[in-house]
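Structure, as C-alpha coordinates:
Every chain is numbered from 1, with letters handed out A, B, ... down the list of sequences.
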2 protein chains.
Amino acid sequence: MKERKGASDEPIRMPITIEEGIDFSIIELMFFAYRDFTSDPDEILADYGFGRAHHRVVHFVNRLPGLTVAELLEVLQITKQSLARVLKQLIDTGHIVQVQGLRDRRQRELYPTAKGRNFLLMLARPQSRRIHAALEGESAAGRLSIERFLKGMVNPELRAQIDHLPGNMSGKDDGKQ
Amino acid sequence: MKERKGASDEPIRMPITIEEGIDFSIIELMFFAYRDFTSDPDEILADYGFGRAHHRVVHFVNRLPGLTVAELLEVLQITKQSLARVLKQLIDTGHIVQVQGLRDRRQRELYPTAKGRNFLLMLARPQSRRIHAALEGESAAGRLSIERFLKGMVNPELRAQIDHLPGNMSGKDDGKQ
DNA sequence: GAATTTATGTCAGCAGTGTTGACATAAATT
DNA sequence: AATTTATGTCAACACTGCTGACATAAATTC
(Lines give C-alpha, C1' and ligand atoms only; values in the text may rest on other atoms or scores of the structure.)
Protein backbone atom coordinates (compact mmCIF):
# COMPACT_ATOMS: atom_id res chain seq x y z
CA MET A 1 0.00 0.00 0.00
CA LYS A 2 2.43 2.60 -1.22
CA GLU A 3 1.87 3.06 -4.93
CA ARG A 4 -1.76 1.88 -4.82
CA LYS A 5 -3.57 4.39 -2.68
CA GLY A 6 -7.04 4.00 -4.13
CA ALA A 7 -7.56 7.73 -4.45
CA SER A 8 -5.65 9.24 -7.37
CA ASP A 9 -4.25 12.13 -5.40
CA GLU A 10 -0.77 11.52 -6.75
CA PRO A 11 0.94 14.62 -8.12
CA ILE A 12 1.15 14.70 -11.91
CA ARG A 13 4.55 15.99 -12.88
CA MET A 14 4.05 16.37 -16.65
CA PRO A 15 2.95 19.76 -18.00
CA ILE A 16 -0.26 19.69 -19.95
CA THR A 17 0.46 20.77 -23.51
CA ILE A 18 -1.55 19.92 -26.58
CA GLU A 19 -3.62 17.29 -24.82
CA GLU A 20 -6.65 16.46 -26.93
CA GLY A 21 -5.68 19.24 -29.30
CA ILE A 22 -6.53 21.99 -26.84
CA ASP A 23 -5.00 25.42 -27.47
CA PHE A 24 -3.67 26.24 -24.06
CA SER A 25 -1.39 28.86 -25.57
CA ILE A 26 -4.22 30.90 -26.97
CA ILE A 27 -6.31 30.39 -23.85
CA GLU A 28 -3.61 31.93 -21.72
CA LEU A 29 -2.81 34.62 -24.27
CA MET A 30 -6.44 35.70 -24.03
CA PHE A 31 -6.08 35.92 -20.27
CA PHE A 32 -2.85 37.90 -20.31
CA ALA A 33 -3.95 40.14 -23.18
CA TYR A 34 -7.27 41.04 -21.60
CA ARG A 35 -5.77 41.59 -18.19
CA ASP A 36 -3.19 44.07 -19.44
CA PHE A 37 -5.62 45.63 -21.90
CA THR A 38 -7.93 46.59 -19.05
CA SER A 39 -5.20 47.62 -16.64
CA ASP A 40 -4.65 51.11 -18.08
CA PRO A 41 -8.23 52.36 -17.80
CA ASP A 42 -8.63 50.54 -14.48
CA GLU A 43 -5.94 52.74 -12.95
CA ILE A 44 -7.57 55.92 -14.20
CA LEU A 45 -11.01 54.77 -13.07
CA ALA A 46 -9.70 54.09 -9.58
CA ASP A 47 -8.61 57.73 -9.30
CA TYR A 48 -12.22 58.71 -9.83
CA GLY A 49 -13.69 56.12 -7.51
CA PHE A 50 -15.06 54.18 -10.45
CA GLY A 51 -14.56 50.63 -11.69
CA ARG A 52 -14.56 48.72 -14.92
CA ALA A 53 -18.36 48.64 -15.03
CA HIS A 54 -18.44 52.42 -15.23
CA HIS A 55 -16.12 52.31 -18.22
CA ARG A 56 -18.45 49.94 -20.05
CA VAL A 57 -21.47 52.11 -19.44
CA VAL A 58 -19.68 55.28 -20.51
CA HIS A 59 -18.37 53.46 -23.55
CA PHE A 60 -21.71 52.27 -24.88
CA VAL A 61 -23.57 55.45 -24.04
CA ASN A 62 -20.99 57.32 -26.10
CA ARG A 63 -21.14 54.77 -28.88
CA LEU A 64 -24.94 54.59 -28.97
CA PRO A 65 -26.20 57.92 -27.62
CA GLY A 66 -29.89 57.84 -26.82
CA LEU A 67 -30.07 54.15 -26.13
CA THR A 68 -32.54 53.19 -23.43
CA VAL A 69 -31.83 51.46 -20.14
CA ALA A 70 -33.29 48.22 -21.49
CA GLU A 71 -31.08 48.37 -24.57
CA LEU A 72 -28.02 49.00 -22.47
CA LEU A 73 -28.85 45.99 -20.30
CA GLU A 74 -29.17 43.97 -23.48
CA VAL A 75 -25.75 45.02 -24.76
CA LEU A 76 -23.96 44.54 -21.47
CA GLN A 77 -25.88 41.39 -20.54
CA ILE A 78 -26.09 42.25 -16.88
CA THR A 79 -29.04 42.69 -14.56
CA LYS A 80 -30.91 45.86 -13.80
CA GLN A 81 -29.48 46.11 -10.33
CA SER A 82 -25.88 45.76 -11.48
CA LEU A 83 -26.41 48.59 -13.90
CA ALA A 84 -28.43 50.76 -11.53
CA ARG A 85 -25.56 51.31 -9.13
CA VAL A 86 -23.01 52.44 -11.67
CA LEU A 87 -25.47 54.34 -13.84
CA LYS A 88 -26.69 56.33 -10.85
CA GLN A 89 -23.14 57.34 -10.01
CA LEU A 90 -22.42 58.39 -13.57
CA ILE A 91 -25.58 60.50 -13.65
CA ASP A 92 -24.86 62.06 -10.25
CA THR A 93 -21.36 63.00 -11.38
CA GLY A 94 -22.66 64.57 -14.59
CA HIS A 95 -21.09 62.13 -17.05
CA ILE A 96 -24.41 60.90 -18.36
CA VAL A 97 -27.86 62.49 -18.62
CA GLN A 98 -31.23 60.88 -18.97
CA VAL A 99 -33.81 62.26 -21.36
CA GLN A 100 -37.39 61.12 -21.27
CA GLY A 101 -38.29 59.27 -24.45
CA LEU A 102 -40.46 61.15 -26.91
CA ARG A 103 -42.50 58.30 -28.36
CA ASP A 104 -42.58 56.36 -25.09
CA ARG A 105 -42.29 58.56 -22.04
CA ARG A 106 -41.49 55.60 -19.79
CA GLN A 107 -38.16 55.21 -21.50
CA ARG A 108 -35.05 57.03 -20.37
CA GLU A 109 -32.72 57.77 -23.24
CA LEU A 110 -29.12 57.92 -22.11
CA TYR A 111 -26.70 60.49 -23.49
CA PRO A 112 -23.16 61.45 -22.59
CA THR A 113 -22.40 65.02 -21.54
CA ALA A 114 -19.24 66.75 -22.69
CA LYS A 115 -17.72 65.58 -19.41
CA GLY A 116 -18.75 62.00 -20.12
CA ARG A 117 -17.38 62.15 -23.63
CA ASN A 118 -14.04 63.48 -22.46
CA PHE A 119 -13.94 60.87 -19.74
CA LEU A 120 -14.34 58.07 -22.26
CA LEU A 121 -11.59 59.54 -24.40
CA MET A 122 -9.29 59.61 -21.40
CA LEU A 123 -10.02 55.94 -20.68
CA ALA A 124 -9.80 54.79 -24.28
CA ARG A 125 -6.60 56.61 -25.19
CA PRO A 126 -4.14 54.25 -23.47
CA GLN A 127 -6.05 51.23 -24.76
CA SER A 128 -5.90 52.60 -28.25
CA ARG A 129 -2.19 53.19 -27.91
CA ARG A 130 -1.74 49.60 -26.83
CA ILE A 131 -3.80 48.36 -29.77
CA HIS A 132 -1.83 50.47 -32.23
CA ALA A 133 1.39 49.12 -30.84
CA ALA A 134 0.13 45.56 -31.11
CA LEU A 135 -0.98 46.13 -34.71
CA GLU A 136 2.20 47.87 -35.73
CA GLY A 137 3.75 46.24 -38.75
CA GLU A 138 0.63 44.18 -39.46
CA SER A 139 -0.56 44.08 -43.02
CA ALA A 140 -4.14 44.91 -43.91
CA ALA A 141 -4.76 41.19 -44.26
CA GLY A 142 -3.31 40.55 -40.80
CA ARG A 143 -5.56 43.19 -39.29
CA LEU A 144 -8.56 41.62 -40.93
CA SER A 145 -7.58 38.23 -39.52
CA ILE A 146 -7.35 39.73 -36.06
CA GLU A 147 -10.74 41.40 -36.24
CA ARG A 148 -12.29 38.31 -37.75
CA PHE A 149 -10.85 36.23 -34.93
CA LEU A 150 -12.14 38.49 -32.18
CA LYS A 151 -15.54 38.59 -33.77
CA GLY A 152 -15.47 34.83 -34.18
CA MET A 153 -15.00 34.47 -30.45
CA VAL A 154 -18.30 36.22 -29.79
CA ASN A 155 -21.48 34.18 -29.51
CA PRO A 156 -23.05 34.07 -32.98
CA GLU A 157 -26.38 35.50 -31.78
CA LEU A 158 -24.60 38.67 -30.67
CA ARG A 159 -22.52 39.32 -33.75
CA ALA A 160 -25.35 41.18 -35.45
CA GLN A 161 -25.41 43.58 -32.49
CA ILE A 162 -21.74 44.33 -33.06
CA ASP A 163 -22.32 45.06 -36.72
CA HIS A 164 -24.77 47.74 -35.76
CA LEU A 165 -22.29 49.73 -33.74
CA PRO A 166 -21.01 52.86 -35.45
CA GLY A 167 -17.97 52.86 -37.70
CA ASN A 168 -17.63 49.14 -37.89
CA MET A 169 -17.08 48.25 -41.54
CA SER A 170 -19.54 45.58 -40.59
CA GLY A 171 -20.82 42.48 -42.28
CA LYS A 172 -17.22 41.64 -43.07
CA ASP A 173 -17.33 38.46 -41.01
CA ASP A 174 -18.00 36.23 -43.96
CA GLY A 175 -14.77 36.96 -45.72
CA LYS A 176 -15.09 33.69 -47.59
CA GLN A 177 -13.63 34.70 -50.94
CA MET B 1 -30.31 81.67 -21.31
CA LYS B 2 -31.34 78.65 -23.27
CA GLU B 3 -28.30 77.45 -25.17
CA ARG B 4 -25.85 78.93 -22.64
CA LYS B 5 -26.37 77.11 -19.40
CA GLY B 6 -22.91 77.44 -17.94
CA ALA B 7 -22.63 73.79 -17.01
CA SER B 8 -22.09 71.55 -20.05
CA ASP B 9 -24.61 68.97 -19.00
CA GLU B 10 -26.26 69.05 -22.40
CA PRO B 11 -26.82 65.64 -23.96
CA ILE B 12 -24.46 64.90 -26.84
CA ARG B 13 -26.40 63.21 -29.59
CA MET B 14 -23.55 62.24 -31.93
CA PRO B 15 -22.03 58.78 -31.58
CA ILE B 16 -18.33 58.72 -30.86
CA THR B 17 -16.57 57.00 -33.74
CA ILE B 18 -12.96 57.44 -34.77
CA GLU B 19 -12.44 60.47 -32.56
CA GLU B 20 -8.73 61.15 -32.23
CA GLY B 21 -8.04 57.95 -34.08
CA ILE B 22 -9.23 55.73 -31.26
CA ASP B 23 -10.15 52.12 -32.15
CA PHE B 24 -13.48 51.83 -30.42
CA SER B 25 -14.32 48.84 -32.59
CA ILE B 26 -11.43 46.78 -31.35
CA ILE B 27 -11.93 47.97 -27.79
CA GLU B 28 -15.45 46.63 -27.79
CA LEU B 29 -14.52 43.51 -29.71
CA MET B 30 -12.06 42.72 -26.92
CA PHE B 31 -14.86 43.14 -24.39
CA PHE B 32 -17.35 40.95 -26.24
CA ALA B 33 -14.77 38.33 -27.19
CA TYR B 34 -13.44 37.94 -23.68
CA ARG B 35 -16.86 37.90 -22.11
CA ASP B 36 -18.09 35.10 -24.31
CA PHE B 37 -14.76 33.29 -24.20
CA THR B 38 -15.02 32.99 -20.42
CA SER B 39 -18.72 32.23 -20.33
CA ASP B 40 -18.41 28.51 -21.14
CA PRO B 41 -16.04 27.56 -18.32
CA ASP B 42 -17.84 29.94 -15.97
CA GLU B 43 -21.00 27.88 -16.28
CA ILE B 44 -19.18 24.64 -15.55
CA LEU B 45 -17.31 26.19 -12.65
CA ALA B 46 -20.55 27.38 -11.11
CA ASP B 47 -21.81 23.78 -11.00
CA TYR B 48 -18.83 22.95 -8.81
CA GLY B 49 -19.12 26.00 -6.58
CA PHE B 50 -16.00 27.48 -8.13
CA GLY B 51 -15.30 30.72 -9.95
CA ARG B 52 -13.01 32.03 -12.63
CA ALA B 53 -10.13 32.35 -10.21
CA HIS B 54 -10.18 28.59 -9.65
CA HIS B 55 -9.89 28.06 -13.38
CA ARG B 56 -6.79 30.21 -13.56
CA VAL B 57 -5.10 28.40 -10.72
CA VAL B 58 -5.94 24.96 -12.15
CA HIS B 59 -4.76 26.14 -15.54
CA PHE B 60 -1.31 27.28 -14.48
CA VAL B 61 -0.72 24.42 -12.09
CA ASN B 62 -1.37 22.06 -14.98
CA ARG B 63 0.77 24.10 -17.33
CA LEU B 64 3.67 24.49 -14.91
CA PRO B 65 3.47 21.54 -12.51
CA GLY B 66 5.68 21.97 -9.48
CA LEU B 67 5.60 25.73 -9.49
CA THR B 68 5.70 27.29 -6.06
CA VAL B 69 3.10 29.51 -4.45
CA ALA B 70 5.31 32.56 -4.99
CA GLU B 71 5.73 31.73 -8.66
CA LEU B 72 2.01 31.30 -9.08
CA LEU B 73 1.39 34.68 -7.48
CA GLU B 74 3.90 36.15 -9.91
CA VAL B 75 2.13 34.67 -12.94
CA LEU B 76 -1.36 35.62 -11.81
CA GLN B 77 -0.31 38.99 -10.40
CA ILE B 78 -2.65 38.78 -7.46
CA THR B 79 -2.05 38.92 -3.73
CA LYS B 80 -1.40 36.02 -1.39
CA GLN B 81 -4.79 36.31 0.21
CA SER B 82 -6.66 36.30 -3.09
CA LEU B 83 -4.86 33.11 -4.02
CA ALA B 84 -5.11 31.50 -0.58
CA ARG B 85 -8.88 31.17 -0.67
CA VAL B 86 -9.14 29.48 -4.02
CA LEU B 87 -6.02 27.39 -3.63
CA LYS B 88 -7.24 26.02 -0.30
CA GLN B 89 -10.52 24.97 -1.88
CA LEU B 90 -8.74 23.26 -4.78
CA ILE B 91 -6.49 21.39 -2.37
CA ASP B 92 -9.39 20.40 -0.11
CA THR B 93 -11.30 19.07 -3.10
CA GLY B 94 -8.32 17.05 -4.28
CA HIS B 95 -7.68 18.89 -7.53
CA ILE B 96 -4.24 20.10 -6.49
CA VAL B 97 -1.62 18.71 -4.10
CA GLN B 98 1.24 20.43 -2.38
CA VAL B 99 4.65 18.80 -2.16
CA GLN B 100 7.32 20.16 0.11
CA GLY B 101 10.24 21.49 -1.91
CA LEU B 102 13.38 19.35 -1.94
CA ARG B 103 16.03 22.05 -2.07
CA ASP B 104 14.02 24.50 -0.01
CA ARG B 105 11.60 22.86 2.38
CA ARG B 106 9.71 26.11 2.98
CA GLN B 107 8.45 25.99 -0.54
CA ARG B 108 5.25 24.20 -1.51
CA GLU B 109 5.39 22.83 -5.01
CA LEU B 110 1.95 22.68 -6.57
CA TYR B 111 0.90 19.75 -8.74
CA PRO B 112 -2.39 18.76 -10.29
CA THR B 113 -3.91 15.38 -9.41
CA ALA B 114 -5.61 13.27 -12.06
CA LYS B 115 -8.83 14.90 -10.89
CA GLY B 116 -7.34 18.35 -11.32
CA ARG B 117 -6.04 17.52 -14.76
CA ASN B 118 -9.39 16.19 -15.91
CA PHE B 119 -11.10 19.23 -14.46
CA LEU B 120 -8.91 21.56 -16.49
CA LEU B 121 -9.64 19.58 -19.62
CA MET B 122 -13.34 19.87 -18.96
CA LEU B 123 -13.03 23.66 -18.60
CA ALA B 124 -10.71 24.16 -21.55
CA ARG B 125 -12.59 22.00 -24.04
CA PRO B 126 -15.40 24.47 -24.83
CA GLN B 127 -12.92 27.33 -25.01
CA SER B 128 -10.79 25.38 -27.40
CA ARG B 129 -13.81 24.60 -29.55
CA ARG B 130 -14.61 28.29 -29.69
CA ILE B 131 -11.04 29.12 -30.65
CA HIS B 132 -10.99 26.50 -33.37
CA ALA B 133 -14.22 27.85 -34.78
CA ALA B 134 -12.86 31.41 -34.73
CA LEU B 135 -9.67 30.28 -36.49
CA GLU B 136 -11.45 28.19 -39.06
CA GLY B 137 -10.48 29.18 -42.55
CA GLU B 138 -7.55 31.28 -41.33
CA SER B 139 -4.29 30.84 -43.14
CA ALA B 140 -1.09 30.10 -41.24
CA ALA B 141 -0.14 33.74 -41.73
CA GLY B 142 -3.48 34.87 -40.31
CA ARG B 143 -3.01 32.68 -37.26
CA LEU B 144 0.42 34.16 -36.70
CA SER B 145 -1.03 37.66 -36.93
CA ILE B 146 -3.62 36.76 -34.32
CA GLU B 147 -1.09 35.30 -31.89
CA ARG B 148 1.27 38.21 -32.47
CA PHE B 149 -1.54 40.64 -31.76
CA LEU B 150 -2.58 38.97 -28.52
CA LYS B 151 1.00 38.82 -27.37
CA GLY B 152 1.47 42.44 -28.37
CA MET B 153 -1.36 43.40 -26.05
CA VAL B 154 0.53 42.01 -23.07
CA ASN B 155 2.84 44.27 -21.10
CA PRO B 156 6.33 43.89 -22.59
CA GLU B 157 7.90 42.88 -19.26
CA LEU B 158 5.64 39.85 -19.09
CA ARG B 159 6.11 38.54 -22.60
CA ALA B 160 9.21 36.61 -21.61
CA GLN B 161 7.12 34.76 -19.02
CA ILE B 162 4.73 33.69 -21.75
CA ASP B 163 7.56 32.37 -23.88
CA HIS B 164 8.54 30.06 -21.07
CA LEU B 165 5.22 28.30 -20.94
CA PRO B 166 5.20 24.86 -22.51
CA GLY B 167 4.44 24.26 -26.17
CA ASN B 168 4.57 27.89 -27.17
CA MET B 169 6.69 28.10 -30.32
CA SER B 170 8.04 31.07 -28.44
CA GLY B 171 10.33 33.93 -29.28
CA LYS B 172 8.27 34.44 -32.41
CA ASP B 173 7.18 37.89 -31.32
CA ASP B 174 9.80 39.72 -33.34
CA GLY B 175 8.51 38.66 -36.71
CA LYS B 176 10.35 41.58 -38.28
CA GLN B 177 11.46 40.13 -41.58
C1' DG C 1 24.70 29.81 17.55
C1' DA C 2 21.85 33.90 17.25
C1' DA C 3 19.63 37.16 14.42
C1' DT C 4 17.50 38.09 10.21
C1' DT C 5 15.23 37.15 6.05
C1' DT C 6 12.21 34.38 3.23
C1' DA C 7 8.16 31.34 1.94
C1' DT C 8 4.02 30.34 3.33
C1' DG C 9 -0.38 30.45 5.94
C1' DT C 10 -4.09 32.78 8.22
C1' DC C 11 -7.21 36.35 10.35
C1' DA C 12 -10.13 40.42 9.86
C1' DG C 13 -12.11 43.73 7.10
C1' DC C 14 -13.22 46.27 2.85
C1' DA C 15 -14.45 47.33 -2.29
C1' DG C 16 -16.38 46.42 -6.83
C1' DT C 17 -19.47 44.02 -9.50
C1' DG C 18 -22.14 40.36 -10.51
C1' DT C 19 -26.55 37.70 -8.82
C1' DT C 20 -31.85 36.95 -7.16
C1' DG C 21 -36.30 38.24 -5.48
C1' DA C 22 -39.62 41.56 -4.19
C1' DC C 23 -42.05 45.63 -4.59
C1' DA C 24 -43.36 50.58 -6.46
C1' DT C 25 -44.55 53.95 -10.03
C1' DA C 26 -45.82 55.81 -14.30
C1' DA C 27 -46.99 55.23 -18.85
C1' DA C 28 -48.57 52.44 -22.64
C1' DT C 29 -51.51 48.92 -24.31
C1' DT C 30 -55.46 45.89 -24.31
C1' DA D 1 -60.60 49.49 -16.21
C1' DA D 2 -57.19 45.99 -16.26
C1' DT D 3 -52.86 44.52 -17.70
C1' DT D 4 -48.33 44.93 -19.37
C1' DT D 5 -44.03 47.37 -19.86
C1' DA D 6 -39.95 50.39 -18.59
C1' DT D 7 -37.74 51.87 -14.99
C1' DG D 8 -36.24 52.47 -10.15
C1' DT D 9 -35.17 50.80 -5.61
C1' DC D 10 -34.52 47.82 -1.39
C1' DA D 11 -32.33 43.85 0.82
C1' DA D 12 -29.32 40.17 0.72
C1' DC D 13 -25.78 37.33 -1.12
C1' DA D 14 -21.43 35.46 -3.90
C1' DC D 15 -16.92 35.90 -5.98
C1' DT D 16 -12.63 37.89 -6.25
C1' DG D 17 -9.75 41.46 -5.84
C1' DC D 18 -7.38 44.50 -2.01
C1' DT D 19 -4.69 45.95 2.65
C1' DG D 20 -2.57 45.25 7.05
C1' DA D 21 -1.23 42.35 10.72
C1' DC D 22 0.61 38.43 12.72
C1' DA D 23 2.52 33.37 13.05
C1' DT D 24 5.58 29.55 11.80
C1' DA D 25 9.26 27.11 9.90
C1' DA D 26 13.19 26.97 7.26
C1' DA D 27 17.08 29.17 5.09
C1' DT D 28 20.60 32.55 5.27
C1' DT D 29 23.67 35.80 7.35
C1' DC D 30 26.50 37.66 10.86
- Message: Within the supplied structure, the quantity of interest is the number of heavy atoms (other residues, nucleotides, ligands) at a distance under 6.0 Å from B/M122 CE; does it exceed 12?
- Response: yes
- Item | Donor-acceptor contact present, side-chain A/Q100 to main-chain A/R106, <3.5 Å | no
- Query: Should A/T79 be listed as having a side-chain N or O under 4.0 Å from OP1 or OP2 of C/dT19?
  - Reply: yes
- Note on the structure: DNA chain D: first to last nucleotide in contact with chain B (atom under 4.0 angstrom from a heavy atom), 5' to 3', is D/dC15 to D/dA27
- Do A/D9 and B/T113 meet the criterion of a side-chain donor-acceptor pair at a distance under 3.5 Å? no
- Query: Is it true that the side chains of A/S145 and B/E138 contain a donor and an acceptor less than 3.5 Å apart?
  - Reply: yes
- Using atom types as modelled and distance alone, determine if a side-chain donor or acceptor of A/R63 lies under 3.5 Å from a backbone N or O of A/P166. yes
- Query: What string of B, S and - do you get for nucleotides 11-16 of chain C, 5' to 3', if B is base contact, S is sugar-phosphate-only contact and - is no contact with any protein heavy atom under 4.0 Å?
  - Reply: BB---S
- Given that both distances must come in under 3.5 Å, which nucleotide forms a Watson-Crick or G-U wobble pair with C/dA26? D/dT5
- Note on the structure: Note: B/V154 and B/L158 closest approach over all heavy atoms is CG1-CB, 3.9 Å
- Item | Backbone of B/L144 reached by a side-chain donor or acceptor of B/E147 within 3.5 Å | no
- Task: Return yes if some donor-acceptor pair links the side-chain N/O of A/D36 with the main-chain N/O of B/N155 below 3.5 Å, else return no.
- Result: yes
- Item | Non-neighbouring partners of B/R85 that pass salt bridge (Lys or Arg N to Asp or Glu O under 4.0 Å), sequence neighbours left out | none
- Watson-Crick or G-U wobble partner for C/dC14, using a 3.5 Å limit on both distances? D/dG17
- In residues 55-70 of chain A, which residues come under 4.0 Å of DNA chain D by heavy atom? A/T68, A/V69, A/A70
- Task: Please list, by residue number, the residues of residues 33-48 of chain A whose heavy atoms come closer than 4.0 Å to an atom of DNA chain C; answer none if no residue qualifies.
- Result: none
- Message: Quick check: on DNA chain C, is the nucleotide nearest A/V86 upstream (toward 5') of the one nearest B/E71, or the reverse? Name the residue that is more 5'.
- Response: B/E71
- Message: Tell me whether the side-chain N/O atoms of A/S82 come closer than 4.0 Å to OP1 or OP2 in C/dT19.
- Response: yes
- Message: Determine whether a donor-acceptor pair (N or O, by modelled atom type, separation under 3.5 Å) exists between the side chain of A/R159 and the backbone of A/G152.
- Response: yes
- Sub-3.5 Å donor-acceptor pair from the side chain of A/Q127 to the main-chain atoms of A/F37, do we have one? yes
- Note on the structure: When every non-hydrogen atom of A/T93 is compared with those of A/L90, the smallest separation belongs to OG1-O, 3.2 Å
- Item | Under 3.5 Å: donor-acceptor pair, side chain of A/D23, backbone of A/S25 | no
- Message: With a 4.5 Å cut-off on side-chain heavy atoms, are A/F119 and A/L45 touching?
- Response: yes
- Residues within residues 89-107 of chain B bordering DNA chain D, heavy-atom distance below 4.0 Å: B/R103, B/D104, B/R105, B/R106
- Taking all heavy atoms of A/S39 and all of A/R130, pick out the closest pair and write down the distance. OG-NH2, 3.8 Å
